[in-house]
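Each remark here refers to the structure printed beneath this line.
Labels below follow one simple rule: chain letters A, B, ... track the order of the sequence lines, proteins then strands, and each chain is numbered from 1.
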Amino acid sequence: MYIEFSEEQRMLKESAEKYLNENYEFEARQKIVKSDSNYCSTQWQTFADLGWLAMTFAEEVGGFGGGALETMLLSEQLGVNLVVEPYFETVVFGGQLISAGASDEIKSRYLDALISGHCQVAFAWSETKHHHAMSDVAMAASVSGDSILLNGSKTVVLNGAAADVVLVLLRTAGERGQSDGLSLVLVDADAEGCVRRSYKTYDGRNAAEFSFSNVNVPLANVLGEQGSAMELLAPVVNRGILSLCAEAVGAMSALVDATVDYTKQRKQFGRSISRFQVLRHRMADMFIDLELCRSLMLATAWKLDHSDADAELTLAALKAKVASAGKFIAHNAIQLHGGIGTTDELKIGHYFKRIAAINSQFGSRDFHLARFAQLSQK
Amino acid sequence: MYIEFSEEQRMLKESAEKYLNENYEFEARQKIVKSDSNYCSTQWQTFADLGWLAMTFAEEVGGFGGGALETMLLSEQLGVNLVVEPYFETVVFGGQLISAGASDEIKSRYLDALISGHCQVAFAWSETKHHHAMSDVAMAASVSGDSILLNGSKTVVLNGAAADVVLVLLRTAGERGQSDGLSLVLVDADAEGCVRRSYKTYDGRNAAEFSFSNVNVPLANVLGEQGSAMELLAPVVNRGILSLCAEAVGAMSALVDATVDYTKQRKQFGRSISRFQVLRHRMADMFIDLELCRSLMLATAWKLDHSDADAELTLAALKAKVASAGKFIAHNAIQLHGGIGTTDELKIGHYFKRIAAINSQFGSRDFHLARFAQLSQK
Amino acid sequence: MNDNNFRAEVRAFLQEELTPELKRAGELMTSVFADFDATMAWHRKLYQKGWVAPDWPEAYGGTGWTLNQRYIFQEECKLSNAPALLPMGLQMLGPMLIHYGSDEQKAHYLPRLLSGEDVWCQGYSEPGAGSDLASLSTSAVRDGDDYLINGSKIWTSYAQHSNKIFCLVRTSKEGAPQAGISFILVDMDTDGITVEPIVGLDGRVEQCQVFFDGVRVPVANLVGEENQGWEVAKYLLEFERGGHNFTIDHKKQMAKIRKQASEEYDADGCLWRDNSVFNARFAEVAVDALALEYTELRIKGALNAGGNPGALSSLCKIVGTETGQRFNEISMDILGPQALPFQIAALEPDFEGELIVADYALTCMPEYINNRAATIYGGSAEIQRDIIAKRVLGL
Amino acid sequence: MNDNNFRAEVRAFLQEELTPELKRAGELMTSVFADFDATMAWHRKLYQKGWVAPDWPEAYGGTGWTLNQRYIFQEECKLSNAPALLPMGLQMLGPMLIHYGSDEQKAHYLPRLLSGEDVWCQGYSEPGAGSDLASLSTSAVRDGDDYLINGSKIWTSYAQHSNKIFCLVRTSKEGAPQAGISFILVDMDTDGITVEPIVGLDGRVEQCQVFFDGVRVPVANLVGEENQGWEVAKYLLEFERGGHNFTIDHKKQMAKIRKQASEEYDADGCLWRDNSVFNARFAEVAVDALALEYTELRIKGALNAGGNPGALSSLCKIVGTETGQRFNEISMDILGPQALPFQIAALEPDFEGELIVADYALTCMPEYINNRAATIYGGSAEIQRDIIAKRVLGL
């Protein structure tokens, strides 16, 4: 198993790198973050025009048939450039769920819009005090005839403020803690009875609290099998975790580069601080952690694309390693920058916050270590 | 709560330091280790003459009434000088068990001899594959009339080769895993049916495997209440753990000192290796870990002597911290010495082995972290 | 008075004077600073009680308490969530003026500092000279009875709220870099001073950059002799280093984590407090916090016996700050995505709106963010390790 | 031949030729060296098969295998517990002679090395000059057609079993320290050589100190030019660094830990494998091992494509050795006091007595002990980090 990129993949990587380096500078990014809008629609439209939004969808639905490797390549570059546009929420997660689970009619209504840059999606599952396991969802909905009635609320719905449609994870059977009985329902964000409270997040993105009061949607809006949402979710979550980790790897590599540069320029006690052996070794350790993450990332992407038996094991290792390496690298990037690294002005701290946000999603380090241990014993 | 030493305690510390520094040099220690004997009986006799063996026994049984603080002071110095004589096994552990649990007759038979340096004790509890919990003892003995019949075997009995008497932990009721039903039986090492296989341990001390085949001992040899050995053991184990940790602290402090000295003398790339910032910070971290252990050690000794409610919590913290700090310091002492640190010739590696041996006894770091967590939640 | 009675007296005072608004300001602290207005309100209450400067000699307005009483007072204030007083005047400038100031300076500045009339900030660091203080370049050039000051200072906490600043300035370029430094007191409303806020990563302003453009300051404002400022600064830095008691902060952090762990559910749908791996992780850090607590006690014992903490205060700074950061990480793990909402308005003590997430989650991310600076300011973790290597180990 | 067929062929050979005694010698390895007699017996078997030097060019006795085949061969040998061959001749001297040796040297030494007739040890380090190789002082002074060598070499593994030694010696004190070094081949039975064993912490002898007292060596034994030894040494050090595949070692360690964890009971009386905290600790290390496995794969990919591992081999050395050490610690935790019995005789492959503890516990402590040296030899972990900082990060 050698990981090699195809010509197309190499081109995708290069074009993403080129476009973002030239058109997504940090100052521009901060303007978006500090504006009232949830993301930059001009950028988003360009992402659509460049084919990025279509890249990982099947050709039947208007995509280019890319897989985990393409997701990884794009996500990594989005991480390098600290892109706040909701590629992860709308394309990697929401889009793939719709693509995998929706009826043809719904696909054509939403997926076409999504791929052309005109539809934003959010995935709403987390509930107060229950932020770590999808099986820990309690919100229930009642099915009658060919419609389904939603009542309840969801918290910290990422991309929730921007979303046109929300994919709500809820119970049509079973009890909190059970994996069975969960259903995924597509709800228009402006449906009657659906109220949202929008806000920004610390990593410069958008989110919302949602409450549903007698929201009535057609039963056809259930994605996948009713009561079997976890089956639909599993592969999407896997690729989603890969995407987040690749984004983190991109952020980490930018942090290592920036720290190396800064310590060469910054002088203290009469010499570049890069001359201090403790800092040199710290950066060597940052580099080591980065490369170990990169190796796991490449292997995971390859294994997911090849449906390798070890794909989930490797993914768990990746998410666990990114959690510790991401913190190590981000903390030390700030430490080596000193005071200036703790300001809003430098991008260092914004990478740190994005890495923290990634770590907070889809399972902590210990969760993935436990998962890794469990899969290793098989 | 300030920890202050009494005049007597200060004198004990100074005399131990003076005697051992002058009479227990590393070369002499290695001669003992490489000889056929299990320990040096001349040294042991001097320890007795200096009153060290009597120090922590009650005055009624011929001791000086010392407590946890005295145990700590002596143990720490034994650690500094890498003393292999079985002070821990015979005095801190065996002697205290006899003192706390034996009949007057047995006390006068064994304790007098012990305090005067003429009786060695071992505690036999560990069984094959079950090396971590005393409640995990399966060996059972049958009581009939006023005698008790032992069958079974015990493994890695420390000081077992030298022992005149063995305190055997066994079941008179209940099943493996239960704390209740355990009894502690004093057995003469040369009792009929008691067979031992002696050997040395990696840390230069002695041990033995014991097998018991229809060994018959009087019921009066049961220490404490029959079936309630754990009650008798608990306070002795606590002080025993303190003693081992103090020995480790002594070893760690010797390692820090030796490493600081060595790196100042050792030249590489044209300068003392102590000029390399990475090594300077490493030694600073070794010092920090040492001092944190010392703080916990002092607090634990004080709390045990004052029956403080937090004594066990602090003890768990101490053992857990000594486990990680001991490894950190010993590993880095070797690393900073380089090749020479891995030889039998330098004492560095022998401290390392003693610390490893201490870590292997009475619960791993994780065991004590769990215990600490449990006690903190109360 | 024995310690228990003293503690009771402190508690009674806190019970009486620490209003819910002030407590809220303390609860909402996400760094070493509390809301400015609440801080000064509490400052004035303590001043009225005569308790605003327990560490000062009694003759200058101190309380005459024993070391233990001062510790108890500090502990009770923190544990009842009193907002922290500003250290720049009370902890840094005050002791320094008492030691080096002229009688006129003492008579003029100390009462105004105690009453809260003057609010001081510290002008030490400069852009490009962080831990390497001696390389500072802000210049003070003699012009008649004045100095003309040009340059800039950075990381001046709460400069936006201060009416005074004490500065290290370069009065000579001769000799070693340390040799030409002087210590001077400056009015913030002097012409030529501008204050530019620095937005932190949490989106709020605690730090500033202060610019000096031909600022005219009377020579009388010099503390100590010209070119002797380095000695003054060193004295002050020692106060800064030794002054902090980390154990109380750690106890507050642990209490918060325990609360979170007893209300939030992990990925197995169990309370975090019943998760054995979580408990092991938390215990790892808590063990270090306990070890530091007894180390601080050893230092207190040494101080009580008239000794000096020496370089053990570097140890405390390292372990204290790094342990605090590890507690932040544990909270982040418990809270998961709940830590993400950015609700800056809710961090003001007078906020009356609805919280997005649980109250104990509100401060989690900004605390995590702001606490990264703890291993940078006041002598970075690297500088502290250098100090231990050099001064304790003699390397 | 495709890789699967190749693997089958290797397995069949191992099945046939790797006797229980040889396997036992492999199982009992507690460092990178196996029992000497078993090692040489296995060496001769591989030599007869033509497989003793897969990494050499075919013209000199190599196998002509692809990189992948060489990896498969290495993996199968290790996983079936074949004793490791001695690297000093096959991995270090051989490639160096092929590159720098004269035709006469190649013709004379290479066949004897392949057959096992010559056993080589490496004379590089000196007392007082460990990682700082360039400061070596063992001197070779020209005397007619000979050099007279005086000085001593340390950490010469298995010198007690070797009949030859290759040395770096100082032939000039002019210029930079590197400039006056030469590379020379020496017969161990030359007059004036004495070998003193160094007892390791595990109580056994792997290392020696070799003393040279007026040792007379023909000038013809020089490899390369006089004073050009540094270049030769550097070439060799790169082979030493890049040559190791850590993943297979880690897999063996993990298999051992899994076995221990499925047979031994923890402090709660449960099998260790059911202890969630243990599983988390083990997984932490195993995750790094897996990350290294894919890093080694990346390097292999680069080599296959004609590239160079570059400083990634420093990364592998650091992570490979440190991860191995962490696995040792995990075994120690599982085994507890069971790791303590010192039964040195049982570590000999021909031991027939009774073991004190379980077979999987026998090697635990000596492995833990000996593996401390892994971050010291072959360029210490500190040197490797220096290399990454300088060569990869350009610091």
Handout entry: Residue pair A:R365, C:E329: steps toward the side-chain contact (heavy atoms from CB on, under 4.5 Å) verdict
Key = CA-CA 11 Å; A:R365 173 169 180 245; C:E329 294 177 41; over 6 Å; no
Problem - Heavy-atom contact with chain A under 4.5 Å, split by part of C:R385 - result: neither
Exercise for the section: Heavy atoms only, distances under 4.5 angstrom: which of C:N275, C:L340, C:L335 has the most pairs with chain A? Name it, please. Expected result: C:L340
Problem - Contact origin within A:L279 toward chain C - heavy atom pairs under 4.5 Å - result: side chain
Handout entry: Heavy-atom pair count under 4.5 Å with chain A, highest-scoring of C:A373, C:P341, C:P366, C:A381
Key = C:P341
Fill in the blank from the handout: Between C:Y265 and the options A:E127, A:H130, A:H131, the side-chain contact (heavy atoms from CB on, under 4.5 Å) test singles out A:H130
Problem - Contact class of C:I154 relative to chain A, heavy atoms under 4.5 angstrom - result: neither
Practice task
Indicate yes or no: at least one non-hydrogen side-chain atom of C:Q338 is less than 4.5 angstrom from one of A:T155.
Solution key: no
Handout entry: Under 4.5 Å from any heavy atom of chain A - which part of C:A358
Key = neither
Problem - Heavy-atom proximity to chain A below 4.5 Å, by part of C:D266 - result: backbone
Practice task
Scan side-chain atoms only and decide if C:T375 and A:Q335 contain a donor-acceptor pair under the 3.5 Å cut-off.
Solution key: yes
Problem - Interface residue of largest heavy-atom contact number with chain A, from C:I356, C:I198, C:D333, under 4.5 Å - result: C:I356
Practice task
Identify which part of C:I344 has an atom lying under 4.5 Å from any heavy atom of chain A, answering side chain, backbone, both or neither.
Solution key: neither
Completion exercise
Residues A:R197 and C:L355: closest non-hydrogen pair is NH1-O, 3.5 Å
Problem - Test log, rule side-chain contact (heavy atoms from CB on, under 4.5 Å), inputs C:F342 and A:K353 - result: CA-CA 12 Å; C:F342 181 64; A:K353 292 194 284 185; over 6 Å; no
Exercise for the section: Heavy atoms only: give me the nearest A:S360-C:P337 pair and the separation to one decimal. Expected result: O-CD, 3.1 Å
Exercise for the section: Would you mind telling me which of C:Q260, C:Q343, C:E354, C:M332 has the largest number of heavy-atom pairs within less than 4.5 Å of chain A? Expected result: C:E354
Practice task
For the residue pair C:D268 and A:H132, establish whether any side-chain heavy-atom pair is separated by less than 4.5 Å.
Solution key: no
Problem - Test side-chain contact (heavy atoms from CB on, under 4.5 Å) applied to A:I340 and C:W155, step by step - result: CA-CA 9 Å; A:I340 196 80; C:W155 316 127; 4.2 Å; yes
Practice task
Check whether more than 12 heavy atoms from other residues, nucleotides or ligands sit under 6.0 Å from atom CG of C:D274, and answer yes or no.
Solution key: yes
Practice task
Let me see the working for C:R372 and A:F352 under side-chain contact (heavy atoms from CB on, under 4.5 Å), right down to the final yes or no.
Solution key: CA-CA 10 Å; C:R372 296 316 312 171; A:F352 158 70; 3.7 Å; yes
